[in-house]
Amino acid sequence: MVFVGPEAPLAAGIADALWETGIPVVGPKKACAIIEFDKAWARNFMKKYGIEGCPAYEVFTEKEPAYAFIEKLGDVAVKPSGLTGGKGVKVMGDQLPDLEAAKAYTSELLEKGPVVIEERFIGEEFTLQALVDGKSLVFFPAVQDHKRAYEGDLGPNTGGMGSYTDAGEILPFMLPDDLEKAKKIMQDTVKALYEETATGYKGILYGQFILTVSGPKVVEFNARFGDPEAMNVIPLIETDFVEIMSAMVKGTLGKLPVNFSKKATVCKYAVPAGYPDNPEKDSEVFVEDIGKASIYYASVYEKEGKVYTTGSRAIAVVGCAETIDAAEKIAQNALENIRGKLFSGKTLALLPSSRRELTI
Ligand code: GLY
């Protein structure tokens with residue numbers, strides 16, 4: 001069995017090629033992986049099947065109609081249709097200060113291909129990841145990822161500086177009904193993918209949501225685990241992972257009880273100084289006593305027994321405990337024992353006040 005991690009090989013059809021040679025794959029075939037690698041396709045598909053959580057949007061290949069739509073919506077997200085390693089989407093009120101900036105970015109993207117312009121969602125982000133066997137979904141606890149490089153949600157967007165789960169399925173700013181709505185969206189998506197492509201989605205489905213005042217809305221779907229979100233949820237699995245993967249490829253996941261431990265987790269990345277714009281590369285990293293945390297070596301390399309940065313996110317640590325606070329302390333203590341030209345977010349797990357306003 002092969003478990004395909006990243007999206008680029010899935011987009012190239014590696015799952016199709018492996019199945020053809022008789023090797024079962026956890027990871028969707030190209031017909032279904034399109035939900036991640038073609039953002040315009042994904043929105044048109046949501047609209048066609050009436051899947052909840054789809055924003056007002058349109059897909060453009062020309063400037064003038066795109067500019068008119070930006071004016072009409074007034075507050076937009078601008079997305080290139082293809083894969084950009086999670087770094088292509090820009091939203092007003094964040095990376096795009098005004099309508100003119102939104103138009104300029106649209107114009108830049110149109111040089112390379114179609115652009116999706118959509119209504120901007122306002123609320124708290126959360127991620128729901130599910131194991132899927134073609135029909136049945138098993139959901140991991142919801143995760144929140146912190147994208148900004150610096151303390152206090154400031155600085156440039158990154159691949160994700162850290163992420164957390166609570167001890168249970170939902171996050172502190174969510175109600176159980178928010179989770180049920182997000183689950184239903186993902187279930188409807190898997191069902192509609194089968195209707196559309198006649199291919200069962202077997203793999204990890206990642207739904208990125210914004211919890212707005214009118215419920216969860218879909219930012220995008222990915223055809224894989226999130227990084228860092230995978231590091232929060234995989235350690236919570238109590239059921240044998242090979243049994244889970246076997247059930248996914250055979251289509252029998254619905255009959256397998258999959259259990260998760262009810263612990264909170266906090267994951268934090270140590271990243272090179274200057275990341276993401278001007279990262280310190282080839283700089284040695286020293287790992288000392290990380291206590292009870294788990295450690296994941298990410299974008300680093302080893303030379304003559306020493307560990308060096310490459311320029312991307314270097315090392316992640318994960319704390320797992322009864323509460324978010326206790327998990328955060330375990331992760332933070334570990335980070336303080338990793339030395340080098342690095343930085344990290346110290347208070348990733350603290351709740352911004354906007355989340356409380358949202359659910360009251
Ligand atoms: N953390 C976001 C992603 O993996 O795409």
Side-chain angles (χ1 to χ4, degrees), residues 3-11 26-28 32-39 41-43 53 77-91 94-95 116 118 121 123-132 139-150 153 155-165 171 182 185-186 189 201 203-211 216-236 265-271 275-276 296-299 310 312-318 331 344-345 348-349:
F3 190 113
V4 183
E7 65 280 19
L10 294 168
V26 177
C32 289
I34 194 170
I35 197 151
E36 171 164 6
F37 71 74
D38 187 335
K39 309 290 178 212
W41 187 95
R43 285 305 191 210
V78 180
K79 291 179 173 179
S81 194
L83 288 180
T84 53
K87 294 176 187 78
V89 181
K90 292 195 178 177
V91 294
D94 204 339
Q95 304 90 356
V116 184
E118 57 188 46
F121 295 135
E124 277 300 317
E125 181 262 349
F126 69 95
T127 296
L128 196 56
Q129 299 165 104
L131 305 157
V132 189
F139 292 96
F140 289 97
V143 190
Q144 188 176 56
D145 176 23
H146 288 249
K147 295 242 176 333
R148 297 304 198 103
Y150 313 135
D153 255 350
N157 262 359
T158 70
M161 292 295 288
S163 46
Y164 70 96
T165 60
L171 292 162
I185 288 172
M186 290 183 51
T189 299
Y201 187 106
I204 308 301
L205 183 64
Y206 169 115
Q208 188 191 8
F209 294 90
I210 298 283
L211 181 54
K217 306 287 175 190
V218 177
V219 175
E220 64 179 7
F221 291 109
N222 290 331
R224 53 169 173 85
F225 273 120
D227 175 7
E229 295 96 325
M231 292 180 279
N232 295 89
V233 299
I234 294 175
L236 298 176
T265 63
V266 172
C267 175
K268 298 190 184 207
Y269 256 119
V271 303
Y275 173 82
Y296 298 91
Y297 288 84
S299 201
T310 64
S312 196
R313 290 173 292 174
I315 294 184
V317 290
V318 177
S344 59
L348 283 176

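Both ligands and their constituent atoms are indexed starting at 1 by order of listing. Side chains are part of it too, since the values below use all heavy atoms of this structure and drop only hydrogens, waters and symmetry mates. We number each residue from 1, following the sequence as shown.
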Using distance alone, decide if ligand 1 has a nitrogen or oxygen within less than 3.5 Å of any nitrogen or oxygen in E229. yes
Verify the distance criterion only: is there a donor paired with an acceptor across the side chains of E229 and Q129 at less than 3.5 Å? no
Would you find a donor on one side and an acceptor on the other, under 3.5 Å apart, between the side chain of R313 and the backbone of A298? no
For T127, which part has a heavy atom under 4.0 Å from ligand 1: side chain, backbone, both, or neither? neither
Of all heavy-atom pairs linking K147 and E125, the shortest is NZ-OE2, 4.5 Å
Which of the numbered atoms in ligand 1 are under 4.0 angstrom from any heavy atom belonging to G226? 4 (O)
Write down the atom of L83, the atom of A11, and the distance for their closest heavy-atom approach. CD1-CB, 4.1 Å
Using a 4.0 Å cutoff against the non-hydrogen atoms of Y206, which atoms of ligand 1 qualify? 1 (N), 2 (C), 3 (C)
Any idea which heavy atoms bring Y201 and V132 closest together, and the distance? O-CG1, 3.1 Å
When you measure from the heavy atoms of G160 to every atom of ligand 1, does any distance fall below 4.0 Å? no
Show the atoms of ligand 1 that are less than 4.0 angstrom away from any heavy atom in N222. 5 (O)
Is it true that T165 and N232 share a donor-acceptor pair across their side chains at a distance under 3.5 Å? no
Applying the side chain to side chain contact (heavy atoms under 4.5 Å, CB included) test to Y164, which of L171, V143, D145 qualifies? L171
For ligand 1, which atoms, with element, lie under 4.0 Å from some heavy atom of D145? 1 (N), 2 (C)
Using a 4.0 Å cut-off to any heavy atom of R224, which atoms of ligand 1 qualify? 3 (C), 4 (O), 5 (O)
Please state whether Q208 comes within less than 4.0 angstrom of ligand 1, counting heavy atoms only. no
Run the numbers for me: atoms of ligand 1, each under 4.0 Å from some heavy atom of G159, listed by number. 1 (N)
What do we get for E125 next to ligand 1 when only non-hydrogen atoms under 4.0 Å count, side chain, backbone, both or neither? neither
What do you reckon, does S163 put a non-hydrogen atom under 4.0 Å from ligand 1? no
Roughly how far, to the nearest 0.5 Å, is the CZ atom of F225 from the CZ atom of F140? 4.0 Å
